[in-house]
Student: 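Before anything else, here's the structure in question.
Just so we're clear, the structure is a prediction, and the values are computed from it rather than from any experiment. The sequence lines fix the lettering, A, B, ..., with proteins before strands; numbering per chain opens at 1. Only this structure's heavy atoms are used, side chains among them; waters, hydrogens and symmetry mates stay out.
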Number of protein chains: 2
Amino acid sequence: MTGNLSETRVDATTDMPEEPTQALRFGRARTARSSALQEDYVELIADLMAAHGEARATDIAKRMGVTHPTALKSITRLKREGLVTSRPYRGIFLTEAGQELAQRVRARHRLMVEFLLALGVPAEAAEADAEGMEHYASEATLAAFGRFLGRLRRDI
Amino acid sequence: MTGNLSETRVDATTDMPEEPTQALRFGRARTARSSALQEDYVELIADLMAAHGEARATDIAKRMGVTHPTALKSITRLKREGLVTSRPYRGIFLTEAGQELAQRVRARHRLMVEFLLALGVPAEAAEADAEGMEHYASEATLAAFGRFLGRLRRDI
DNA sequence: ACTGAATTGTACCCTTGGCTACATTAGTCT
DNA sequence: AGACTAATGTAGCCAAGGGTACAATTCAGT
Ligand SMILES: [Mn+2]
Ligand SMILES: [Mn+2]
Ligand SMILES: [Mn+2]
Ligand SMILES: [Mn+2]
């Protein structure tokens, strides 16, 4: 009785994942992709607030490497989602929900970077890769990363 | 002289990455995001060819969890990019370039899954997370994953 | 208080990647 | 051969996220 309960089901004849299983996985990846940008904005806004006491649209745009109308449009979406507030010609502020999201996203970002560094990935690659990968790591994967770091530290 | 040459430069006063550095990282993540879908399609087409000897539009759509017009539109884009060919009412075929891409993407996918499994991530989470994360892992990160697996195997 | 520069806002355009609805073709079974 | 079904193609809609060009406002420095 060595069978792993959570083993992925594959079609015996094709050695591919079953169709509905695979469709669900791609669907989850699509969902994650659609929130990735928002997560990055919220994290960045929190960082700017912490560093400069305010988050200006221009700074956000510069940091994101995007033109200011593009940034403004994304910020409008964040407002609609209740993550951010702003009054004309004033800065951008995180709502309660925005701050909570920022905190989670920031912790995840740090864990991801730390993990890659611990594995021996050069710093710049670790930062760049983490910026993309972080949005697709489930709680289970983050937990595994944490265990790995814990083990490293324990074993000096 | 312990300074790491590849250490990320941060603004000393704000403890944030410098603006152009961070903008470049977000830019790279955007680029990766825009090729992620194409990579998944090409990988899937190769898998279907291997399993069934052909790749039909309907099967691709079902596997991707998407309606067939959506799949067809993506396939049209793959044609434009020279990764795929097709004649009306016949199947989809990978070009030389498409097959090469498929091979690289498939190897990367397997490495990613194997790595997560080795870390103790449950199989279904490993598969799902890999589907998203794979597109953002640089060569440096993939190499680190490979080293980790090698060490595991060596140390029994 | 004025003026010029920087910031912010707005209008409009494009591509990607979703969808539904409908038309056409191919394939299968009697 | 004809008819039904499945597959494929096409048209048109939408939202997100990128861009340019230009208008309006704020802010600093004189
Ligand atoms: Mn990110
Ligand atoms: Mn991040
Ligand atoms: Mn994928
Ligand atoms: Mn894949």
Student: Donor-acceptor check, side chain of Ser86(B) to backbone of Gly91(B), threshold 3.5 angstrom: yes or no?
Tutor: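 Checking the backbone N and O of Gly91(B) against the side chain of Ser86(B), no donor-acceptor pair under 3.5 Å is found.
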Student: Which residue pairs pass the ring-ring contact (aromatic ring centres under 6.0 Å, His included) test with at least one member in residues 131-156 of chain A, sequence neighbours excluded?
Tutor: Phe115(A)-Phe145(A), Phe115(A)-Phe148(A), Tyr136(A)-Tyr136(B), Phe148(A)-Phe148(B)
Student: Contact list please: residues 82-92 of chain A against DNA chain C, heavy atoms, distance less than 4.0 Å, in numerical order.
Tutor: Pro88(A), Tyr89(A)
Student: Got a second to check how far Phe26(A)'s CZ is from Leu44(B)'s CG, nearest 0.5 Å?
Tutor: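 Reported value, rounded in 0.5 Å steps: 5.5 Å.
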Student: Please compare Ser74(B) and His68(B) by the position of their nearest nucleotide in DNA chain C and report the one closer to 5'.
Tutor: Ser74(B)
Student: If you compare every side-chain N and O of Arg80(B) against the phosphate oxygens of dT16(C) (OP1, OP2), does one of them come in below 4.0 Å?
Tutor: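 Looking at the OP1 and OP2 atoms of dT16(C), one of them is under 4.0 Å from a side-chain N or O of Arg80(B).
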Student: Output the rest of the hydrophobic cluster of Leu117(B): all Ile, Leu, Val, Met, Phe, Trp and Tyr residues reachable through side-chain heavy-atom contacts under 4.5 Å, sorted by chain and number.
Tutor: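 Its cluster partners, ordered by chain and number, are Val113(B).
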Student: Could you check which residues of residues 37-50 of chain B get a heavy atom under 4.0 Å from DNA chain C? Sort them by number, please.
Tutor: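 Leu37(B) - these, ordered by number, are the residues of the stretch whose heavy atoms sit under 4.0 Å from the strand.
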Student: Would you say a side-chain N or O of Arg33(A) is under 4.0 Å from OP1 or OP2 of dT16(C)?
Tutor: no
Student: Under 3.5 Å, which donor-acceptor pairs do the side chains of residues 52-65 of chain A form with other protein atoms, sequence neighbours left out?
Tutor:
| unit_1 | atom_1 | unit_2 | atom_2 | d |
| --- | --- | --- | --- | --- |
| Arg63(A) | NH1 | Pro17(B) | O | 2.6 |
| Arg63(A) | NH1 | Gln22(B) | OE1 | 3.3 |

Student: Does a salt bridge link Arg104(A) with Glu39(A), judged by any charged N lying under 4.0 Å from a carboxylate O?
Tutor: no
Student: Would you find more than 12 non-hydrogen atoms of other residues, nucleotides or ligands less than 6.0 Å from Glu19(A) atom CD?
Tutor: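 Atom CD in Glu19(A) is crowded, with more than 12 foreign heavy atoms closer than 6.0 Å.
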Student: With a sphere of 6.0 Å drawn around CZ of Arg87(B), does it hold more than 12 non-hydrogen atoms of other residues, nucleotides or ligands?
Tutor: no
Student: Using OP1 and OP2 only, check whether a side-chain N or O of Arg30(B) sits under 4.0 Å from dG19(D).
Tutor: no
Student: Quick check on contacts: within residues 51-66 of chain A, what sits under 4.0 Å from DNA chain C by heavy-atom distance?
Tutor: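 Arg56(A), Ala57(A), Thr58(A), in order of number.
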Student: Roughly how far, to the nearest 0.5 Å, is the CD1 atom of Ile45(A) from the CG atom of Leu78(A)?
Tutor: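 The distance works out to 5.5 Å.
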Student: Salt bridge or not for Arg25(B) and Glu134(A), using N-O below 4.0 Å?
Tutor: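 Glu134(A) and Arg25(B): not salt-bridged.
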Student: Would you mind reading off the distance between Lys73(A) atom NZ and dG19(D) atom P, rounded to a whole angstrom?
Tutor: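 Whole-Å distance recorded here is 10 Å.
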Student: Supply the atom-to-atom distance Glu139(A) CD to Thr141(A) OG1, rounded to the nearest 0.5 angstrom.
Tutor: 9.5 Å
Student: In whole angstrom, what separates Leu72(A)'s CG from dC22(D)'s P?
Tutor: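 Between P of dC22(D) and CG of Leu72(A): 18 Å.
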